[in-house]
Amino acid sequence: MSHIDDELVKRIHRDLQDDFDEELELELEDREHGVMPSDDASAERKRYFRELFRLQSELVKLQDWVQHTGHKVVILFEGRDAAGKGGVIKRITQRLNPRVCRVAALPAPNDRERTQWYFQRYVSHLPAAGEIVLFDRSWYNRAGVERVMGFCTDDQYEEFFRSAPEFERMLQRSGIQLIKYWFSISDDEQRIRFLGRIHDPLKQWKLSPMDLESRRRWEEYTRAKEVMLERTHTPESPWWVVPADDKKRARLNCIHHLLSQMPYQEVPHADIELPARERREDYLRNPVPDSLIVPEVY
């Protein structure tokens with residue numbers, strides 16, 4: 001194996017290790033630093049987890065403030081395939097109430113939706129008072145994948161750029177705070193992540209034919225992104241670009257920036273006391289039949 005091939009394998013393994021770390025994050029509920037595995041948890045990983053938990057604690061405070069004040073928030077996550085949008089969305093929502101903070105990840109429009117006003121199907125997902133909605137891809141599909149793959153006409157494309165800034169101003173005038181993130185990765189990094197998914201059976205579902213085609217059309221997507229940022233970056237609704245070649249840093253930087261965009265503060269709560277359980281002499285708990293018990297395989 002050549003030096004180049006050996007380095008490629010190492011990078012794929014590092015990317016897969018990041019995926020294992022993701023699963024550890026999603027399962028790890030104990031905030032205590034000491035519970036982390038000491039054999040392979042480097043000082044850098046420990047710092048990452050510690051900072052992630054700190055930022056997630058701040059997100060809980062933000063959630064309380066949004067509920068308390070009736071604030072309405074929409075956050076758009078756009079970027080290259082495999083840029084890490086889903087990873088940061090998971091970390092934002094991981095410890096929040098799904099009734100307050102929810103994700104909108106719309107599938108391709110059906111035949112009926114294709115005849116609607118373009119923004120119509122997104123409107124039903126907008127937040128009410130006291131809610132946060134995270135769009136995992138958004139109406140900017142028209143400026144990206146639809147443009148590159150030929151799913152819209154030139155007239156529809158131009159109309160999008162006329163309408164999108166005004167649509168976003170309408171949202172803001174209605175009291176919705178809009179924050180737009182673009183996750184940026186290099187050509188080489190996307191290649192490594194795609195190869196990692198190809199070799200990981202648990203991640204292969206993420207590779208759609210559209211994803212693979214986007215890899216081939218890298219330069220066309222680059223041109224489409226540049227036009228999109230130029231024509232929809234406005235003072236009222238700016239784009240924020242997240243450098244995402246390092247997934248962990250990208251998550252922390254994005255969450256930190258998101259928190260800085262809102263004037264939230266900790267909402268005081270009354271002390272919670274666990275009420276005493278009522279006990280009745282005539283209550284008798286019936287045994288659960290063995291046939292209903294899930295077998296204890298583990």
Side-chain angles (χ1 to χ4, degrees), residues 59 62-79 83 85-86 88-89 92-93 96-110 112-147 151-152 155-184 224-242 254-265:
L59 285 171
L62 171 64
Q63 171 185 255
D64 288 347
W65 177 82
V66 166
Q67 281 189 287
H68 180 74
T69 61
H71 200 56
K72 296 180 284 187
V73 186
V74 166
I75 310 166
L76 308 187
F77 293 88
E78 295 286 347
K85 300 179 296 298
V88 74
I89 289 172
I92 292 172
T93 60
L96 301 185
N97 184 344
R99 294 181 178 85
V100 176
C101 181
R102 53 189 169 83
V103 179
L106 278 62
N110 58 35
R112 180 176 180 273
E113 289 170 332
R114 291 189 185 94
T115 68
Q116 295 175 341
W117 173 49
Y118 177 69
F119 297 93
Q120 187 170 337
R121 72 192 194 113
Y122 297 98
V123 170
S124 63
H125 296 274
L126 295 175
E131 294 180 350
I132 304 170
V133 178
L134 286 62
F135 278 88
D136 186 352
R137 297 199 182 279
S138 66
W139 45 88
Y140 282 97
N141 276 339
R142 174 136 295 175
V145 63
E146 291 192 18
R147 174 61 172 177
F151 295 155
C152 66
D155 288 344
Q156 290 172 328
Y157 180 66
E158 287 301 321
E159 178 57 35
F160 171 80
F161 285 124
R162 286 191 291 269
S163 299
E166 183 56 34
F167 174 67
E168 291 171 6
R169 283 191 284 267
M170 290 169 60
L171 297 183
Q172 292 168 323
R173 288 197 298 269
S174 75
I176 294 175
Q177 181 177 1
L178 177 64
I179 304 172
K180 304 188 298 190
Y181 288 113
W182 173 270
F183 279 69
S184 178
K225 175 206 70 175
E226 291 170 348
V227 172
M228 181 194 76
L229 294 181
E230 179 182 356
R231 299 185 67 175
T232 59
H233 177 77
T234 64
E236 306 89 355
S237 182
W239 279 100
W240 298 99
V241 177
V242 181
C254 183
I255 296 173
H256 182 274
H257 183 269
L258 172 62
L259 291 167
S260 74
Q261 296 303 295
M262 281 174 270
Y264 76 98
Q265 51 190 301

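Start at 1 with the first residue, then count along the sequence.
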d(Asn141 CG, Arg147 CZ) to nearest 0.5 Å is 15.0 Å

Side chains of Trp239 and Thr232: does their closest heavy-atom pair fall under 4.5 Å?
yes

Not counting sequence neighbours, which residues clear ring-ring contact (aromatic ring centres under 6.0 Å, His included) with Tyr157? List them please.
Phe161

Could you list the residues that satisfy salt bridge (Lys or Arg N to Asp or Glu O under 4.0 Å) with Arg137, not counting sequence neighbours?
Glu78, Asp81

Find the distance between CD1 (Ile92) and CG (Leu258) and round it off to the nearest 0.5 Å.
5.5 Å

Partners meeting salt bridge (Lys or Arg N to Asp or Glu O under 4.0 Å) with Arg162 (sequence neighbours left out):
Glu159

Using modelled atom types only, decide if a donor and an acceptor are shared between the side chain of Gln172 and the backbone of Glu236 within a distance under 3.5 Å.
yes

For the student: nearest non-hydrogen atoms of Gly130 and Val100, plus distance:
O-CG1, 3.5 Å

Under the side chain to side chain donor-acceptor pair (under 3.5 Å) test, which residues partner Thr93, sequence neighbours left out?
none

Please identify each residue that fulfils ring-ring contact (aromatic ring centres under 6.0 Å, His included) with Tyr264, with sequence neighbours left out.
none

dist Ile255:CD1 -> Leu59:CG (nearest 0.5 Å) comes out at 5.5 Å

Please, which pairs that meet side chain to side chain donor-acceptor pair (under 3.5 Å) have at least one residue in residues 115-134, sequence neighbours excluded?
Arg102-Glu131

Minimal heavy-atom distance between Ala224 and Ala143, with the atoms involved, is CB-O, 3.6 Å

Could you go step by step and tell me if Ile75 and Val73 meet the side-chain contact (heavy atoms from CB on, under 4.5 Å) rule?
CA-CA 7 Å; Ile75 310 166; Val73 186; 3.8 Å; yes

Write out all pairs satisfying side chain to side chain donor-acceptor pair (under 3.5 Å) with one or both partners inside residues 173-182, taking only residues at least two apart or from two chains.
His71-Gln177, Tyr140-Lys180, Glu166-Arg173, Glu168-Lys180, Lys180-Ser237, Tyr181-His257

If you look only at pairs with a residue in residues 67-77, which of them pass as a salt bridge (Lys or Arg N to Asp or Glu O under 4.0 Å), with sequence neighbours excluded?
none

Quick one: side chain to side chain donor-acceptor pair (under 3.5 Å) partners of Trp65, sequence neighbours excluded?
none

Could you state the interatomic distance from SG (Cys101) to CD (Gln67), rounded to the nearest 0.5 Å?
10.5 Å

Taking the side chain as everything from C-beta on, heavy atoms only, tell me whether Leu171 gets closer than 4.5 Å to Val74.
no

List the residues meeting side chain to side chain donor-acceptor pair (under 3.5 Å) with Glu158, not counting sequence neighbours, and say none if there are none.
Arg231

Main chain of Pro109, side chain of Arg114: is a donor-acceptor contact present, judged purely on distance under 3.5 Å?
yes

Working to the nearest 0.5 angstrom, can you tell me the gap between Trp240 CH2 and Phe183 CZ?
14.0 Å

Contact check, side chains of Ile132 and Pro127, non-hydrogen atoms, under 4.5 Å:
no

Worked check of side-chain contact (heavy atoms from CB on, under 4.5 Å) between Ile179 and Phe77
CA-CA 9 Å; Ile179 304 172; Phe77 293 88; over 6 Å; no

About how many Å separate CG of Leu126 and CZ of Phe119, when rounded to the nearest 0.5 Å?
11.5 Å

What pairs with Asp136 under side-chain contact (heavy atoms from CB on, under 4.5 Å), at least two apart in sequence or on another chain?
Lys85, Ile89, Val103, Ala105

Non-neighbouring partners of Asn110 that pass side-chain contact (heavy atoms from CB on, under 4.5 Å), sequence neighbours left out:
Arg112, Glu113

